[in-house]
Amino acid sequence: MLMDFEAPPSFMMEDGKSHTLMPTVTGSSVLGLKYDKGVLLAADKLGSYGSMAKLRDVTRLHKINDNVAIGFSGDLADAQFLTKIINSFVLDDQIAADGVSMSPNAMLNWLTRVYYNRRSKIDPLWNQVVVAGFDKNSNQPVLGCVNLLGYSWQDSVIGTGFGAHFGLPYMRKSLDAKKGPLTLEEAYAVIRKCMETLYARDARSWREYEIIKCDAAGIVKSDPQTVSVVWKPYADYQQDRKH
C-alpha cells in the first residue's frame with residue numbers, strides 16, 4: 001500500500017546561510033575626547049530593542065588592559081562576540097607573562113583587519129568601535145575609531161551614532177575656543193554637556209552613562225553617572241531665548 005507523500009514545508013527546503021541584515025538590540029552614541037594628558041570615553045547604558053528602551057544596565061565601555069579601552073555602538077550581540085575574542089587575547093598575554101601587552105594602536109589595527117574581513121564576506125559586524133588608550137612607546141594618548149566597513153581613523157575628538165551630530169560639534173568648538181588641549185576638568189565638563197544634549201535629543205539614549213579615563217597611570221572606569229536635564233515648557237524656552 002502506497003502512502004501519500006507530503007512535500008516538506010518551504011522553510012525546510014531552503015539552502016544556504018543567512019547573515020544579519022538588521023541589528024536587533026543596539027547601543028547608541030560613544031564619545032571620545034583627548035585632553036592634555038590622556039583620553040576620555042563616554043557612553044550611556046541603554047540597549048534599545050527597536051524603539052523600546054529594553055536593557056537599561058548595559059556596559060558598552062570595556063577596559064581591555066592597562067593601556068587600552070574600547071567602546072561599542074551598534075549591535076550588542078556583535079559587541080559581545082568581539083569582546084569575548086579580545087578577552088582571550090588578554091588571557092594569552094597574562095599566561096605568557098612576558099611583559100608584553102596589546103597597545104592601543106595594535107588594537108585599532110587588529111579591529112580594522114577584522115571588520116574589513118567581515119565586510120568583504122558580505123557579513124559585517126554591525127558596530128562602530130572607539131579605541132582609546134595611552135601609548136607608552138610614544139608617551140602619547142591614542143583615540144581612534146573603526147566602522148563596519150573596516151575603515152579606521154584617529155582624531156582628537158570622535159563621536160559615533162547621534163554623537164557625531166550633537167556631540168562632535170560641541171567638542172570641536174570647545175577645543176577651538178581653548179586653542180589647545182583641554183585639562184581633565186574641562187574635558188569632564190565637555191563630556192557631561194554632550195551627554196546631557198544627547199539625552200535630550202536622541203530617542204535611543206539614556207540618562208545613565210559611564211566614563212573611562214585613559215592616561216599614563218592606567219585605565220579607570222567611573223561609576224554610573226546621571227544626566228541632569230531640566231525640561232521646560234516651550235513658552236519658557238522661548239522666553240529664555242529672548243534674554
Side-chain angles (χ1 to χ4, degrees), residues 27 29-45 59-73 79 83 86-87 89-90 93-94 99-112 127-146 152-161 163-164 166-198 208-227:
S29 307
V30 176
L31 300 177
L33 173 63
K34 279 186 182 180
Y35 62 96
D36 55 358
K37 296 180 181 179
V39 185
L40 293 182
L41 280 187
D44 63 42
K45 302 192 67 180
T59 295
R60 297 192 288 121
L61 301 181
H62 303 276
K63 174 183 176 181
I64 303 305
N65 55 35
D66 291 337
N67 305 318
V68 185
I70 59 177
F72 287 97
S73 286
T83 303
I86 294 172
N87 287 337
F89 292 161
V90 175
D93 288 339
Q94 293 172 347
V100 178
S101 60
M102 185 173 285
S103 69
N105 283 313
M107 174 61 71
L108 184 63
N109 291 334
W110 180 79
L111 286 170
T112 303
N127 303 108
Q128 278 188 295
V129 189
V130 181
V131 179
F134 195 87
D135 190 340
K136 294 185 177 179
N137 293 324
S138 63
N139 203 35
Q140 293 292 327
V142 176
L143 178 62
C145 186
V146 184
S152 65
W153 67 97
Q154 295 190 36
D155 203 345
S156 56
V157 290
I158 283 178
T160 67
F166 294 119
L168 205 55
Y170 183 74
M171 290 190 288
R172 290 197 186 281
K173 180 180 178 181
S174 300
L175 286 176
D176 292 342
K178 182 70 182 293
K179 297 181 180 179
L182 303 175
T183 65
L184 178 59
E185 292 74 19
E186 291 170 339
Y188 269 120
V190 170
I191 288 292
R192 281 194 293 268
K193 180 65 175 179
C194 290
M195 297 307 293
E196 289 174 1
T197 303
L198 286 171
E208 286 193 356
Y209 64 95
E210 296 174 316
I211 296 178
I212 280 186
K213 176 170 70 73
C214 312
D215 57 20
I219 309 293
V220 179
K221 188 175 184 179
S222 72
D223 293 328
Q225 303 183 36
T226 305
V227 301

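It should be emphasised that the depicted structure is a prediction, and the values quoted were computed from it without experimental measurement.
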Check your understanding: Looking at side-chain heavy atoms only, is the closest gap between Y209 and R192 below 4.5 Å?
Key -> yes
Review point. Tell me, do L41 and I70 make a side-chain contact under 4.5 Å, heavy atoms counted?
Key: no
Practice item. Output all residues satisfying side chain to side chain contact (heavy atoms under 4.5 Å, CB included) with D215, sequence neighbours left out; order by chain, then residue number. Key: Y35, K213, A217
Practice item. First locate atom OG of S103, then atom CD1 of I64, and finally report the distance between them rounded to the nearest 0.5 Å. Key: 12.5 Å
Practice item. Begin with the C-alpha distance, continue with both residues' side-chain angles, and end with the deciding distance and a verdict on side-chain contact (heavy atoms from CB on, under 4.5 Å) for M171 and L31. Key: CA-CA 9 Å; M171 290 190 288; L31 300 177; 4.0 Å; yes
Practice item. Nearest 0.5 Å please: distance from the CD1 atom of I212 over to the OG atom of S222. Key: 8.0 Å
Review point. Does the N127 side chain pair with the main chain of S73, one donor and one acceptor, at a distance under 3.5 Å?
Key: yes
**Study point:** Considering all heavy atoms, the nearest C214-G133 contact
**Key:** CB-CA, 3.9 Å
Point to revise | D155 vs R172 side-chain heavy atoms within contact, under 4.5 Å | key: yes
Exercise for review: For P169 and A164, work out which heavy atoms get closest and say how close.
Suggested key: CD-O, 4.0 Å
Check your understanding: Crowded around K63 NZ? As in, over 12 foreign heavy atoms under 6.0 Å?
Key -> yes
**Study point:** 4.5 Å side-chain heavy-atom contact, Q154 and L143
**Key:** no
Study note, to complete from the structure: CG (L198) and NZ (K193) are apart, to the nearest 0.5 Å, by 11.5 Å
Check your understanding: Roughly how far apart are L108 CG and M102 CE, rounded to 0.5 Å?
Key -> 11.0 Å
Exercise for review: May I ask you to test the L182-D36 pair for a side-chain heavy-atom distance under 4.5 Å?
Suggested key: no
Check your understanding: With a 4.5 Å limit on heavy-atom distance, are the side chains of D93 and V100 in contact?
Key -> no
Check your understanding: Of all heavy-atom pairs between G161 and S29, which one has the smallest distance, and what is that distance?
Key -> C-OG, 4.0 Å
Check your understanding: Just wondering, are more than 12 heavy atoms of other shown residues or ligands nearer than 6.0 Å to NZ in K221?
Key -> yes
Practice item. Using side chain to side chain contact (heavy atoms under 4.5 Å, CB included) as the criterion, list what pairs up with K173, not counting sequence neighbours. Key: none
**Study point:** Working for side chain to side chain donor-acceptor pair (under 3.5 Å), residues N67 and D135
**Key:** CA-CA 7 Å; N67 305 318; D135 190 340; over 6 Å; no
Practice item. Answer yes or no: is there a donor N or O on one side and an acceptor on the other, between the side chain of S152 and the main chain of V146, under 3.5 Å? Key: no
Review point. Checking side chain to side chain donor-acceptor pair (under 3.5 Å) for the pair Q94/N65: CA distance, chi angles, key distance, verdict?
Key: CA-CA 10 Å; Q94 293 172 347; N65 55 35; over 6 Å; no
**Study point:** Separation between OH of Y188 and OG1 of T183, rounded to the nearest 0.5 Å
**Key:** 11.5 Å
Exercise for review: Starting at CG of L33, measure out to OH of Y170 and round the result to the nearest 0.5 Å.
Suggested key: 11.0 Å
Review point. Looking at I219, V68, N139, V142, which hits side chain to side chain contact (heavy atoms under 4.5 Å, CB included) with F134?
Key: N139
**Study point:** F72 side chain reached by T83 side chain, heavy atoms, under 4.5 Å
**Key:** yes
Check your understanding: Heavy atoms, side chains only, cut-off 4.5 Å: are C145 and T160 in contact?
Key -> yes
**Study point:** Stepwise side-chain contact (heavy atoms from CB on, under 4.5 Å) test for I191 and I211
**Key:** CA-CA 9 Å; I191 288 292; I211 296 178; 3.8 Å; yes
Study note, to complete from the structure: Here the pair of heavy atoms bringing A43 nearest to V30 is CB-CG2, 4.0 Å
Point to revise | Nearest atoms (heavy-atom pairs only) where M195 meets A42 | key: SD-CB, 4.1 Å
Check your understanding: Can you list the residues that meet the side chain to side chain contact (heavy atoms under 4.5 Å, CB included) rule with E208, with sequence neighbours excluded?
Key -> K45, W206, P224, T226
Practice item. Report yes or no: does K178 contribute a side-chain atom to a donor-acceptor pair with the main-chain N or O of P181 at less than 3.5 Å? Key: yes
Practice item. Please step through side-chain contact (heavy atoms from CB on, under 4.5 Å) for the pair M107 and I86, ending with a clear verdict. Key: CA-CA 9 Å; M107 174 61 71; I86 294 172; 3.7 Å; yes
Point to revise | Donor-acceptor under 3.5 Å (R60 side chain, A79 main chain) | key: no
